[in-house]
2 protein chains.
Amino acid sequence: MRDGSVTRKKINQAALELFARKGVAETTTRDIAGGASIAEGTIYRHYKSKDELVQSLFLSLYREQGDLLAARIRNETGIKEQIAVMINLFCHLFDENRPLFTFLLLTQHGQLESVSDEMVTPVSVLREAISRAQAAGQIRQADPDLLAAMVLGVVVQPAVFSVYGRLKQSYQDFNAELVQAAWGVLGLT
Amino acid sequence: MRDGSVTRKKINQAALELFARKGVAETTTRDIAGGASIAEGTIYRHYKSKDELVQSLFLSLYREQGDLLAARIRNETGIKEQIAVMINLFCHLFDENRPLFTFLLLTQHGQLESVSDEMVTPVSVLREAISRAQAAGQIRQADPDLLAAMVLGVVVQPAVFSVYGRLKQSYQDFNAELVQAAWGVLGLT
DNA sequence: GCTATAAGTGAGCGATCAATCACTTTAGGC
DNA sequence: GCCTAAAGTGATTGATCGCTCACTTATAGC
């Protein structure tokens, strides 16, 4: 038997970069094979179809980010600190791996529906943190999904602008402003 | 000569709905022709290519929304009122025409680069309003593009959640919360 | 009514691309 | 050193899809 795990990682890496740069529909299986320096047929030793590759990539990366966030806030008790830590992690992640963010951003359409309710995701981690803070009386009573969406928007939309070249600085530079704004959304001073 | 303007509108309407529902790449020119109840070849009497149709649709709708916003805040003087009026308009627009929002959302990738700097867009209107308020000392000094992005995120991200079924209520119901949060982002009480 | 011109039609073409499959290569177990 | 099973190959295929083109239909101006 041969070990295909290295090849699988090469496929995932090449696919991620190409999907982020050109979009999923515009990236052919030939492109992916070329980027990974393997034959086109090899892709199909690891994935049943291009669709399965896209879905597998999305779900594993999306869950991975959720797990990372959950691990980071486990040590923090106050909601303000949890928000700050999550935003800080996002800033680092985005600066260090823009293709990852871009891929998740533009494949959410059509993939988000395959996310089960029980799955740990960046969104679920944020919402649960907000829910706990509401139960503790630290945040006003309002739909926690709505609050989570608004906080997420504050952090993600500038990243979208950054991807499209409207904002040019390192994302770290925005860290303090983002935290301030996220607190403002939740009514924390 | 025959008048093709009705047919053109039917093409635009069918394309908008299909693009929003299935995505651009997944929508064929046959689909569009079927949706508009015309022959496939007729599309090419009005647009040179499918790409041109997508770009023309995006640019005209994006500009249209910018013009609408600009007209609405012209009467308002204070930044708080301007923000409130813009959010109110967005809520109405979204509830009444979700395909429009969905289309703009998922075609921004790849189309946003064809937007010239001089063009009036929802983003430019928001940024200019924030800039003026900064000049008047009503909002703290910070990158106006960043502030605009954060405010936009507060309003748009819940709409994204709504499109994907995570938030189910009418968007009007969120109006007050959205305004409160947007003010919070800008440090207005 | 005749003509010119643009709009509308849909079968068909050429290109593209995901997926297959017969074949080759590699390596762990014996 | 041989066997086996999985990994890797790449030419091929069948289907899809954007776009064309020869033709028909409608209408405004005369």
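Just so it is clear: chains get the letters A, B, ... in the order the sequence lines come, proteins before strands, and each one is counted from 1. In this text, all values refer to a predicted model and were calculated from it rather than measured experimentally.
Atom OH in B/Tyr47 sits roughly 17 Å away from atom C1' in C/dA6 (whole-Å rounding). Rounded to a whole Å, the CG atom of A/Asp31 is 8 Å from the P atom of C/dC17. At whole-Å resolution of the value, CD in A/Glu40 and P in C/dT16 are 14 Å apart. Between the NZ atom of B/Lys48 and the P atom of D/dT20 there is a distance of 10 Å, given to the nearest Å. Here the P atom of nucleotide C/dC17 and the CG atom of A/Leu18 are 13 Å apart, to the nearest Å. B/Ile32 has its CD1 atom 12 Å from the P atom of D/dC17, to the nearest Å. At whole-Å resolution of the value, CD1 in B/Ile11 and C1' in C/dT9 are 13 Å apart. Taking atom CD1 of residue B/Ile38 and atom C1' of nucleotide D/dC19, one finds them 14 Å apart after rounding to whole Å.
Of the listed residues (A/Lys9, A/Lys10, A/Glu17), just one forms a side-chain hydrogen bond (donor to acceptor under 3.5 Å, both in side chains) with A/Gln13, and that residue is A/Glu17. Exactly one residue among B/Phe94, B/Tyr171, B/Phe19 makes a ring pair (Phe, Tyr, Trp, His ring centres under 6.0 Å) with B/Phe101. That residue is B/Phe94.
DNA chain C is contacted by both A/Gly41 and A/Glu26; A/Glu26 maps to the nucleotide lying nearer its 5′ end (nearest heavy atom per residue). When each of A/Thr7 and A/Arg30 is assigned the nucleotide of DNA chain D with its nearest heavy atom, A/Thr7 is the one assigned upstream, toward the 5' end.
Considering NZ of A/Lys48 and OG of A/Ser56, their distance stands at 11.5 Å, rounded to 0.5 Å.
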What's the verdict on side-chain contact (heavy atoms from CB on, under 4.5 Å) for A/Asn12 and A/Tyr47, showing C-alpha distance, side-chain angles and the deciding distance?
CA-CA 11 Å; A/Asn12 290 348; A/Tyr47 297 101; 2.6 Å; yes

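In this structure, A/Asp145 pairs ionically with A/Arg127, as a charged nitrogen and a carboxylate oxygen lie closer than 4.0 Å.
For A/Lys50, whose side chain is taken as the heavy atoms from C-beta onward, the closest listed nucleotide among D/dC19, C/dG10, C/dA19 is C/dA19.
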Between the protein and nucleotides 23-30 of chain D, which nitrogen or oxygen pairs come in under 3.5 angstrom?
from: D/dT25; atom 1: O2; to: B/Arg2; atom 2: NH1; distance (Å): 2.6
from: D/dA26; atom 1: O4'; to: B/Arg2; atom 2: NE; distance (Å): 3.4
from: D/dT27; atom 1: O4'; to: B/Met1; atom 2: O; distance (Å): 3.1
from: D/dT27; atom 1: O2; to: B/Met1; atom 2: N; distance (Å): 2.8

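Side-chain contact check for B/Gln134 and B/Gln138: no donor-acceptor pair (N or O, by modelled atom type) lies under 3.5 Å.
In terms of phosphate contacts, A/His46 brings no side-chain nitrogen or oxygen within less than 4.0 Å of OP1 or OP2 of D/dA6. Checking the phosphate oxygens (OP1, OP2) of D/dA7, no side-chain nitrogen or oxygen of A/Thr42 falls inside 4.0 Å.
Residue contacts for B/Ser37: at a heavy-atom cut-off of 4.0 Å it reaches no nucleic acid atom on any strand shown. Among the heavy atoms of the strands lying under 4.0 Å from A/Thr29 is at least one base atom, whether or not backbone atoms are also near.
Within the structure, ring-ring contact (aromatic ring centres under 6.0 Å, His included) pairs that include any residue of residues 51-71 of chain B comprise B/Phe58-B/Tyr62 (at least two apart or interchain).
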